[in-house]
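In what follows, a single structure is set out as structure tokens and then discussed.
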Amino acid sequence: MTASVSAGVTEEDLANDQMTPNDILTNGMGRDLQRYSPLDTLNKDNISGLVPAWAFSFGGEKQRGQETQPLVYDGVMYVTGSYSRLYAIDLKTGKELWQYDARLPEGILPCCDVINRGGAIYGDNIYFGTLDARIVALDLKTGDVVWNKKIADYKEGYSYTAAPLIVNGLVVTGNSGGEFGVVGEVQARDAETGDLVWTRPVIEGHMGTLNGEESTMTGELNATWPGDMWKTGGGATWLGGSYDADTDTLVFGAGNPSPWNSHLRGAGTPTEGNTGDNLYAASRLGIDPASGEIKWHYQTTPREGWDFDGVNEVIPFVDKDGNKRFATADRNGFFYVLNREDGAFVQATPFVQNITWASGIGEDGRPIYIEEARPGDPAAAADGDKGEMIFSVPSFLGGKNWMPMAYSQKSELFYVPSNEWGMDIWNEPISYKKGAAYLGAGFTIKPIFEDYIGSLKAIDPNTGEIKWDYHNEAPLWGGVMTTAGGLVFFGTPEGEFKALDDETGEELWSFQTGSGIVGQPVTFEMDGEQYVTVASGWGGAVPLWGGEVAKKVNYLNQGGTVWTFKLPKQLAALK
């Protein structure tokens, strides 16, 4: 079942999003999430001429983290803001056309700031999610509500922060709430009505649905989970997904299993008939967009015990031999290449330094664990209160967290925002209580180098080789974009919006935005001129969970501004 939308943005428009630089209809500047623009008007020779065109303030006291990616359509920019707000802005002037503020209830439980990562456009509507775990369709012209549907119960710890994905008239969403004992799920709705078409829980033992009826069980009951722990098994699909048109596959990642204490999940000593892998947490899943059935899975961190979510984006590309591949940079510190047809493991290489929890990834695609680097079992402790503390690299915030990488079709490199940090971590006894945090662990994040934490890396996916590495004193927490003009754009918590040379990593341009950047840059063309936009506003998980690292950047100002730059026509001719 698909929606029959008669006007506005079509499925064909979405499929061609990357190649139509006058608009940006999807998260990732294309549903493959490459975050690559074919525009080359702005390039290495004239980037110094990039100047502000206008700036738009989100206003009010609701600043916090601004992790959004703007969308552009029919002369209007659509930008989401913290606290589940959405703005329509005149593309030429920066003037507000309309604003929608979700009426959030008391008691929402977002783990990692009140952020929103953007929307999706289809037909005559724009779709975005809210912190109380709802998905809303708004009229593009007026901002009026077309429909408003519940994804999950926020009182149980569910929320929603990702940009929706639209395929064949279906609005596809994940869910957030991984630290509250939720169950990760992917849902598909009719774009016109908001009616559920299918649901697919990503934790074994739960039943999916199709057109209102039970369909199939996810996995096999108790195959990889002990007892009833699958009922609160985690695996939140909180970063959303990508779409590979070549194989007609949705690709979603599942977060950490719940609780963090892996010994409670049978992970230390797998029992007979139970592998202890805790599927499909910390995994990538290939899903049939028509039915919600799982086509394949690849688990990056079986029997996970460090909060190494598996949600990071999965991006299709073609390798040097013409093979169709996926690439993903995992929170666990390894950069993976998978086969696009079936998700099979091809290769993995570390992209951060000093990894402690595994010595590498075996030929079978499974980690080669260093078991003494797993946080200890509280039940084995003398007082039964706290397991053995270990120092782990990367920290639970990951070698790479949510912040999206980019792939250049020009350089054939991936540009990966990463962080070099570790943590003291220990396990504690825990029991599930609805709506309460369900960790069973304690932690303290620590930097591992004196002069930098953030590291933007250019990686050759054919070899895993790091071609260049740009260091930043504070952690990197925003997205990356690359262009046919040979440029790599990203922002820093210190407020600098930067452009680097895609081949060398040399800094070519920088602009101070006044607040830390954790947003996702985009570029588009209007009236023959190339524009670049990014949202500035410090926040996200680092100031909330960063420990010693957060103290290093506690001077940073919060904010909420959409900065739009352009290259004037007279400079575009410079080569």
So, are Asp244 and Lys324 salt-bridged, with charged N and O less than 4.0 Å apart? no

Are the side chains of Arg134 and Ile151 in touch, meaning some heavy atoms are under 4.5 Å apart? no

How far apart are the C-alpha atoms of Phe317 and Tyr407, what are their side-chain angles, what is the distance that settles it, and do they pass the ring-ring contact (aromatic ring centres under 6.0 Å, His included) test? CA-CA 8 Å; Phe317 75 103; Tyr407 174 71; 5.7 Å; yes

Without hydrogens or angle criteria, can the side chains of Lys295 and Thr249 be said to hold a donor-acceptor pair below 3.5 Å? yes

Side chains of Leu456 and Val480, heavy atoms from C-beta outward: is any pair under 4.5 Å? yes

Quick check: does any side chain N or O of Ser57 sit under 3.5 Å from a backbone N or O of Gly59, one acting as donor and the other as acceptor? yes

Side-chain donor/acceptor of Trp545 to backbone N/O of Cys111, under 3.5 Å: yes

Taken in chain and number order and not counting sequence neighbours, the residues that satisfy side chain to side chain donor-acceptor pair (under 3.5 Å) with Tyr158 are none

Value for CG (Leu14) from OH (Tyr243), rounded to nearest 0.5 Å, stands at 10.5 Å

Check the pair Phe414, Phe335 against ring-ring contact (aromatic ring centres under 6.0 Å, His included), reporting the backbone distance first and the verdict last. CA-CA 10 Å; Phe414 280 89; Phe335 182 91; 5.7 Å; yes

Between Asn339 and Asp342, a side-chain donor and acceptor under 3.5 Å: yes

Hey, are Asp113 and Arg64 close enough for a salt bridge, meaning a charged N less than 4.0 Å from a carboxylate O? yes

What about the rings of Phe326 and Tyr298, do their centers lie closer together than 6.0 Å? no

Is it the case that the side chain of Ser536 and the backbone of Ser515 share a donor-acceptor pair, with hydrogens and angles ignored and the cut-off at 3.5 Å? yes

Given Tyr36 and Tyr415, is the side-chain contact (heavy atoms from CB on, under 4.5 Å) satisfied, shown in steps? CA-CA 11 Å; Tyr36 170 79; Tyr415 301 96; over 6 Å; no

Do you know which of Gln520, Glu313, Gln18 makes side chain to side chain contact (heavy atoms under 4.5 Å, CB included) with Arg35? Gln520

Donor-acceptor contact present, side-chain Thr564 to main-chain Ala53, <3.5 Å: no

Quick one: does Trp198's side chain have a donor or acceptor within less than 3.5 Å of a partner on Ser215's backbone? no

Are Thr199 and Thr209 linked by a side-chain donor-acceptor pair shorter than 3.5 Å? yes

Does a side-chain N-to-carboxylate-O contact under 4.0 Å join Asp246 and Arg340? yes

How far does CG of Asp13 sit from OG1 of Thr10, to the nearest 0.5 angstrom? 3.0 Å

Donor-acceptor contact below 3.5 Å, side chain Gln66 vs main chain Ser82: yes

Mind checking the OG1-OH spacing from Thr130 to Tyr154? Nearest 0.5 Å is all I need. 11.0 Å

From Asp309 atom CG to Arg331 atom CZ, the distance as rounded to the nearest 0.5 Å: 4.0 Å

With ring centroids as reference points, do Phe58 and Tyr87 lie under 6.0 angstrom apart? yes

Counting only N and O atoms by type, is there a donor-acceptor contact under 3.5 Å from the side chain of Trp54 to the main-chain atoms of Leu91? yes

Applying the side chain to side chain contact (heavy atoms under 4.5 Å, CB included) test to Thr533, which of Met77, Gln69, Met481 qualifies? Met77

Salt bridge Lys141-Asp74, side-chain N to carboxylate O under 4.0 Å: yes

Counting C-beta onward and ignoring hydrogens, is there a side-chain heavy-atom pair between Trp477 and Leu397 closer than 4.5 Å? yes

Nearest 0.5 angstrom please: Glu496 CD to Phe490 CZ, how far? 10.0 Å

Got a sec, which residues hit salt bridge (charged side-chain N to carboxylate O under 4.0 Å, His left out) with Glu525, two or more places apart in sequence or on another chain? none

Would you say the side-chain atoms of Thr482 pair up with the backbone N or O of Leu487, donor to acceptor, closer than 3.5 Å? yes

Flag for Thr216-Arg200: side-chain donor and acceptor within less than 3.5 Å: yes

Can you tell if the side chain of Trp230 reaches within under 4.5 Å of the side chain of His206, non-hydrogen atoms only? yes

Specify the closest pair of heavy atoms between Ala162 and Leu239, including all atoms of both residues, with the distance to one decimal. CB-C, 3.7 Å

Can you check whether Leu250 reaches Val167 side chain to side chain, under 4.5 Å on heavy atoms? yes

Quick check on the 6.0 Å ring-centre criterion: do Phe497 and Phe511 meet it? no

side-chain hydrogen bond (donor to acceptor under 3.5 Å, both in side chains) between Thr20 and Asn22: does it pass, once the steps are laid out? CA-CA 6 Å; Thr20 54; Asn22 60 308; 4.6 Å; no

Measure across Pro201 and Val183 and return the closest heavy-atom pair with its distance rounded to 0.1 Å. CB-CG1, 4.4 Å

How close do Pro475 and Pro493 get, heavy atom to heavy atom, and via which atoms? O-CG, 2.7 Å

Derivation of the side-chain contact (heavy atoms from CB on, under 4.5 Å) call for Leu39 and Thr483: CA-CA 6 Å; Leu39 288 173; Thr483 75; 5.7 Å; no

Heavy atoms from other residues, nucleotides or ligands near CD of Gln512 exceed 12 (cutoff 6.0 Å): yes

Taking the side chain from Glu11 and the backbone from Asn168, do they hold a donor-acceptor pair closer than 3.5 Å? yes

Suppose we call two aromatic rings close when their centres sit under 6.0 Å apart. Are Tyr160 and Trp238 close by that rule? no

All heavy atoms of Pro164 vs all of Gly118, minimum pair found to be CD-O, 3.7 Å

Report yes or no: do Asn211 and Glu213 form a side-chain donor-acceptor pair below 3.5 Å? no

Rounded distance (nearest 0.5 Å) linking atom CD of Gln187 with atom OG1 of Thr237: 8.5 Å

Are any non-hydrogen side-chain atoms of Ile294 and Tyr280 less than 4.5 angstrom apart? yes

Say whether, by atom type as modelled, one donor and one acceptor occur between the side chain of Asn116 and the main chain of Ser84 under 3.5 angstrom. no

Tyr73 versus Val9: any side-chain heavy-atom pair under 4.5 Å? yes

Over all atoms of both residues, closest heavy-atom pair of Ser258 and Tyr438: CB-CD2, 3.6 Å

I'd like to check Pro70 versus Phe524 (side-chain heavy atoms, cut-off strictly below 4.5 Å). Are they in contact? no

Thr300/Asp330 under side-chain hydrogen bond (donor to acceptor under 3.5 Å, both in side chains): CA gap, chis, key distance, verdict: CA-CA 8 Å; Thr300 45; Asp330 199 84; 3.1 Å; yes

Could you check Thr68, Asn27, Thr161 and say which one makes a side-chain hydrogen bond (donor to acceptor under 3.5 Å, both in side chains) with Arg117? Thr161

So, Glu529 and Thr41: side-chain donor and acceptor under 3.5 Å apart, yes or no? no

